Amino acid sequence: MEAMSNHIYELKVYNPFLLAGAFIVCLAGAWITMRLVTRVSETRGRQRIGWYFLAAMAGASFVWCTHFAAMLAYNCSAGVHLDPTETVLSLLAMFVAVPFAIMAAARLYGRGGCLLGGMIFGIGVACMHYIGMAAYHVDAPVTWNLPLVGLSVVIGIGLSSVAFMLALRPASLRREVGMTLAMVGAVAGLHFTGMAAMHIVMQQHMDMAGDNGQFQAIGFAVIGGSMLTIIAGIACYVIDGSLRQDSYQELHRMAMSDALTGLPNRISFNERLEQEVATADRTGAQFALIGIDLNKFKEINDTRGHAAGDIVLTTLAERFSALLGAGEFVARLGGDEFIAIHRTSDRAELHGFVERIQHALNQPIPIDDYLVTSGGSIGVAVYPVDAKDSETLISRADLAMYRAKTDLHETIWYYESSLDQNLCARRALGDDLKKAMVDGQLSLSFQVQTVVATGAVSGYEALLRWDHPVRGAIPPVEILELADENGLIIQLGEWVLDQACHAAVEWDENVRVAVNMSVTQFLQPAFDTIVAAVLARSGLSAHRLVIEISEATVQRDRRRALAMARKVHAMGVCLALDAFGGPHSVLSMLYDFPFDKIKIDRSLMQKVDTDPAMAELVRSVMVAGHALHISVLAQGIETAAQLAVVSAKGCDESQGYLIGHPGQMTPTAPGTRPDDAHGMRQAFAARPLRAAAFPLSYPEI
């Protein structure tokens with residue numbers, strides 16, 4: 001009993017400041033280390049290697065610092081000194097264990113990988129702890145409680161395995177808290193259980209050493225250094241998280257936006273529509289759905305190319321975005337379809353918004369050196385007046401838009417219940433046309449063309465016919481309208497051309513076949529190639545084919561029409577101007593409008609004295625004008641020869657540099673008047689002309 005009384009087991013006392021610092025390092029280090037482990041599991045390739053390195057550095061640093069700072073916080077009553085070699089070995093143990101533990105958990109994945117990773121990590125922490133304790137040389141006997149030593153290792157392995165399992169689960173707040181606390185428990189639990197297993201045996205004759213201030217300074221230095229490493233890991237994690245968030249937002253924007261125009265896409269529109277429906281149901285408000293479809297977009301694509309079509313779409317998108325106000329929304333659904341939402345119960349305000357859209361559609365769009373105007377058809381349906389759910393609302397706005405597209409006079413239609421039956425019938429007829437083209441219900445009739453003088457047959461014009469199984473004969477004009485509405489006009493035109501050429505091969509060699517081409521088909525860039533291919537397939541000679549185009553085709557795009565006409569004509573194909581003098585013709589205009597004078601353009605006058613054909617054309621204009629009792633004036637007369645020609649052809653008046661240059665006239669005495677061109681020139685020469693009112697580069701005023 002006396003021997004036992006000479007042995008005193010030390011009561012463990014810790015420096016509270018160092019212990020608090022160790023706990024802060026442990027908590028922060030565990031937090032960032034487990035998030036870096038999550039990053040390792042989420043990445044691949046070189047990026048994963050970088051996260052491996054950061055996780056290993058943060059993990060090894062915080063575990064070793066927690067142990068070392070807590071160990072230095074222990075106030076030992078006996079003398080203590082640290083072995084530098086063993087201290088370094090304890091740190092190396094963590095730098096070896098942590099990377100392999102993370103690799104096992106991340107690469108093997110699943111429960112088995114996490115258990116293996118936890119085992120490696122727990123054993124590594126135990127090795128670090130007990131090597132570090134071996135470096136802690138105490139000037140007194142030390143005994144160990146082996147069951148507590150074993151328990152400390154089990155705590156380290158078990159809780160670190162749990163931390164790895166949680167780190168690899170889907171993200172949630174519960175998981176974030178759980179994996180951090182599990183890792184803190186693994187490190188702190190092993191350390192303090194291991195410290196509890198160590199007993200310093202003090203003898204009564206030993207001097208009780210006081211608190212070692214040097215150890216405290218070292219401990220705070222270690223804490224500071226470790227925190228720098230942890231902060232660096234946190235900074236990398238935060239920066240990566242910010243970049244990921246930015247990337248996610250960008251991907252979300254791309255997923256919700258149209259790639260070409262930047263407007264919201266169909267997905268975004270569907271979300272917005274559901275929100276508007278929910279708001280309207282909750283508050284009792286109304287909103288309008290406006291369907292927008294471009295009228296000439298396909299034609300622009302076919303004649304100008306897809307790049308021009310893209311310019312049209314982006315320009316209109318910019319215009320739509322610029323006109324939006326509060327409670328207004330525009331999206332592109334695809335192709336040439338747009339859709340808008342206008343939140344209001346004021347009908348007049350709705351009309352104003354629709355008119356703004358129409359104005360944006362009808363403004364010319366510059367493309368390179370020319371202008372195009374797409375125009376559009378607009379259909380409007382109001383929730384909940386016209387529909388009680390979003391699908392029906394979309395359908396009825398679409399019906400109204402379709403009705404506007406088929407109306408020759410109105411491009412804006414508001415939904416009416418009567419539209420359902422009529423437009424459904426129209427759509428059904430369009431579907432029937434598609435079926436008729438496949439099933440061979442279409443046919444060609446040929447109307448004879450003869451020579452007036454002899455009555456001999458000169459050719460036949462191909463005319464399209466459709467005998468509908470229910471409605472009977474469909475007028476050709478309606479067939480073409482349906483084909484244009486349903487995007488079949490080019491396909492139908494090629495079929496007619498092919499059938500006509502194959503039929504004409506069987507006729508006499510001097511008989512031609514005439515085929516009328518739509519504006520869209522004739523102006524498409526590959527039309528000449530299509531004609532050449534049809535002629536090659538059918539075996540028809542090029543001079544026996546007549547392509548008929550209307551004045552509307554030329555007026556739509558004169559430059560492009562002229563280029564295509566020259567290409568086709570160079571192949572040997574004949575060209576005919578169809579419907580000349582029709583309602584949209586210049587000749588019809590002369591008859592309908594009360595003109596008193598026709599001014600022949602200067603461009604015609606430049607060739608009138610050198611080209612007999614041009615002289616005859618000018619004469620025919622004068623004949624037409626005089627037949628309608630309209631005076632004719634020739635512009636651009638610059639030579640005496642030109643003046644002589646127009647005088648001989650019966651021109652009433654003339655104008656040009658030969659007659660006089662632009663200038664500001666001085667008053668003449670009453671009654672004085674030149675009686676002829678020579679007298680007119682003398683009269684002008686006698687008057688002093690001041691600076692011209694217009695630049696002299698202008699031919700005349």
Side-chain angles (χ1 to χ4, degrees), residues 291 293-299 302-303 336 374-379 398-413 415-416 418-447 460-500 503 513-524 527 547-553 555-556 576-585 588:
D293 189 81
L294 307 189
N295 289 341
K296 300 176 184 177
F297 182 72
K298 182 174 177 57
E299 179 183 325
D302 292 337
T303 58
D336 61 341
S374 174
S377 301
I378 300 173
D398 191 46
L399 282 174
M401 181 185 69
Y402 189 80
R403 179 65 181 88
K405 202 167 189 66
T406 58
D407 196 307
L408 298 178
H409 306 290
E410 294 292 338
T411 57
I412 300 174
W413 267 83
Y415 174 77
E416 299 172 358
S418 60
L419 289 177
D420 284 324
Q421 184 176 358
N422 296 335
L423 292 182
C424 285
R426 184 73 175 181
R427 285 187 170 181
L429 191 59
D431 293 336
D432 290 345
L433 177 59
K434 296 177 185 178
K435 186 173 183 295
M437 293 176 64
V438 175
D439 296 345
Q441 296 179 14
L442 302 180
S443 62
L444 293 183
S445 294
F446 295 89
Q447 187 172 23
Y460 293 89
E461 181 180 3
L463 302 174
L464 183 61
R465 295 290 183 263
W466 178 19
D467 189 14
H468 192 276
V470 177
R471 293 185 51 183
I474 305 295
V477 173
E478 188 172 356
I479 299 173
L480 296 178
E481 288 178 355
L482 286 170
D484 195 32
E485 293 167 11
N486 291 273
L488 302 172
I489 191 68
I490 292 179
Q491 181 183 349
L492 182 61
E494 290 182 15
W495 180 84
V496 171
L497 181 63
D498 186 78
Q499 294 296 309
V513 62
V515 182
N516 194 292
M517 288 292 113
S518 67
V519 176
T520 302
Q521 183 148 23
F522 187 78
L523 294 181
Q524 65 173 319
F527 177 71
I547 298 295
E548 297 185 357
I549 61 174
S550 65
E551 288 183 83
T553 301
Q555 293 168 357
R556 179 69 56 83
L577 182 59
D578 190 28
F580 182 66
H584 302 291
S585 171
S588 177

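Note that the structure is a prediction, hence the values are computed from the model and not measured.
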Q: Find the distance between CD (Glu494) and CZ (Phe527) and round it off to the nearest 0.5 Å.
A: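 Reported to 0.5 Å precision, the distance equals 9.0 Å.
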
Q: Is there side-chain contact between Gln441 and Trp466, with at least one heavy-atom pair below 4.5 Å?
A: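 SC-SC contact between Gln441 and Trp466 confirmed.
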
Q: Which residues pass the ring pair (Phe, Tyr, Trp, His ring centres under 6.0 Å) test with Tyr460, sequence neighbours left out?
A: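 Here the qualifying residues are Trp507.
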
Q: So which heavy atom on Phe446 is nearest to which on Ala503, and how close?
A: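 Closest pair (atom of Phe446, atom of Ala503, distance): CZ-CB, 3.8 Å.
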
Q: What's the shortest heavy-atom distance between Ile412 and Ala404, and which atoms?
A: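 Closest approach of Ile412 to Ala404, heavy atoms only: N-CB, 4.1 Å.
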
Q: What distance do Gln524 atom CD and Ser518 atom OG have between them, rounded to the nearest 0.5 Å?
A: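 These two atoms lie 8.0 Å from each other.
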
Q: Any idea which heavy atoms bring Gln521 and Ile489 closest together, and the distance?
A: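 Scanning both residues completely, I find the closest heavy atoms to be OE1-O, 3.8 Å.
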
Q: Name all residues meeting the side chain to side chain donor-acceptor pair (under 3.5 Å) criterion together with Thr411; count only those two or more places apart in sequence or in a different chain, and write none if there are none.
A: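 Per chain and number, Thr411 pairs via side chain to side chain donor-acceptor pair (under 3.5 Å) with Gln358.
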
Q: With a 4.5 Å heavy-atom cut-off, do Ile547 and Leu497 have their side chains touching?
A: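 Ile547 vs Leu497: side chains touch.
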
Q: Between the side chain of Lys405 and the main-chain N/O of Ala400, is any donor-acceptor distance below 3.5 Å?
A: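 No; zero donor-acceptor contacts below 3.5 Å.
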
Q: Can you give me the closest heavy-atom contact between Trp495 and Leu442, atom names plus distance?
A: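 It is CH2-O, 3.6 Å.
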
Q: Could you state the interatomic distance from CG (Leu464) to CG (Leu480), rounded to the nearest 0.5 Å?
A: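 Nearest 0.5 Å value for the CG-CG distance: 6.5 Å.
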
Q: Do we see a donor-acceptor contact under 3.5 Å between the side chains of Ser377 and Asn295?
A: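 Per modelled atom types, Ser377 and Asn295 side chains form a pair under 3.5 Å.
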
Q: Between Val515 and Ala462, what is the shortest heavy-atom contact and its length?
A: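 Heavy atoms only, the tightest pair is CG2-CB, 4.4 Å.
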
Q: Roughly how far, to the nearest 0.5 Å, is the CG atom of Leu482 from the CG atom of Leu492?
A: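 Atom-to-atom, Leu492:CG and Leu482:CG are 10.5 Å apart.
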
Q: May I have the step-by-step check of side-chain contact (heavy atoms from CB on, under 4.5 Å) for Lys434 and Leu488, ending in yes or no?
A: CA-CA 8 Å; Lys434 296 177 185 178; Leu488 302 172; 3.5 Å; yes

Q: Rounded to the nearest 0.5 Å, what separates atom CZ in Arg471 from atom CG in Asp432?
A: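 Between Arg471 CZ and Asp432 CG, I get 9.0 Å after rounding to 0.5 Å.
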
Q: Grab the two heavy atoms, one from Ile474 and one from Ile479, that are nearest each other, plus how far apart they are.
A: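 Heavy-atom minimum between the residues: O-CD1, 3.6 Å.
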
Q: Quick one: are Glu548 and Met517 in side-chain contact, heavy atoms under 4.5 Å?
A: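 No, their side chains stay 4.5 Å or more apart.
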
Q: Can you measure from CD1 (Ile549) to CZ (Phe522) and round to the nearest 0.5 angstrom?
A: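 Answer rounded to 0.5 Å: 4.0 Å.
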
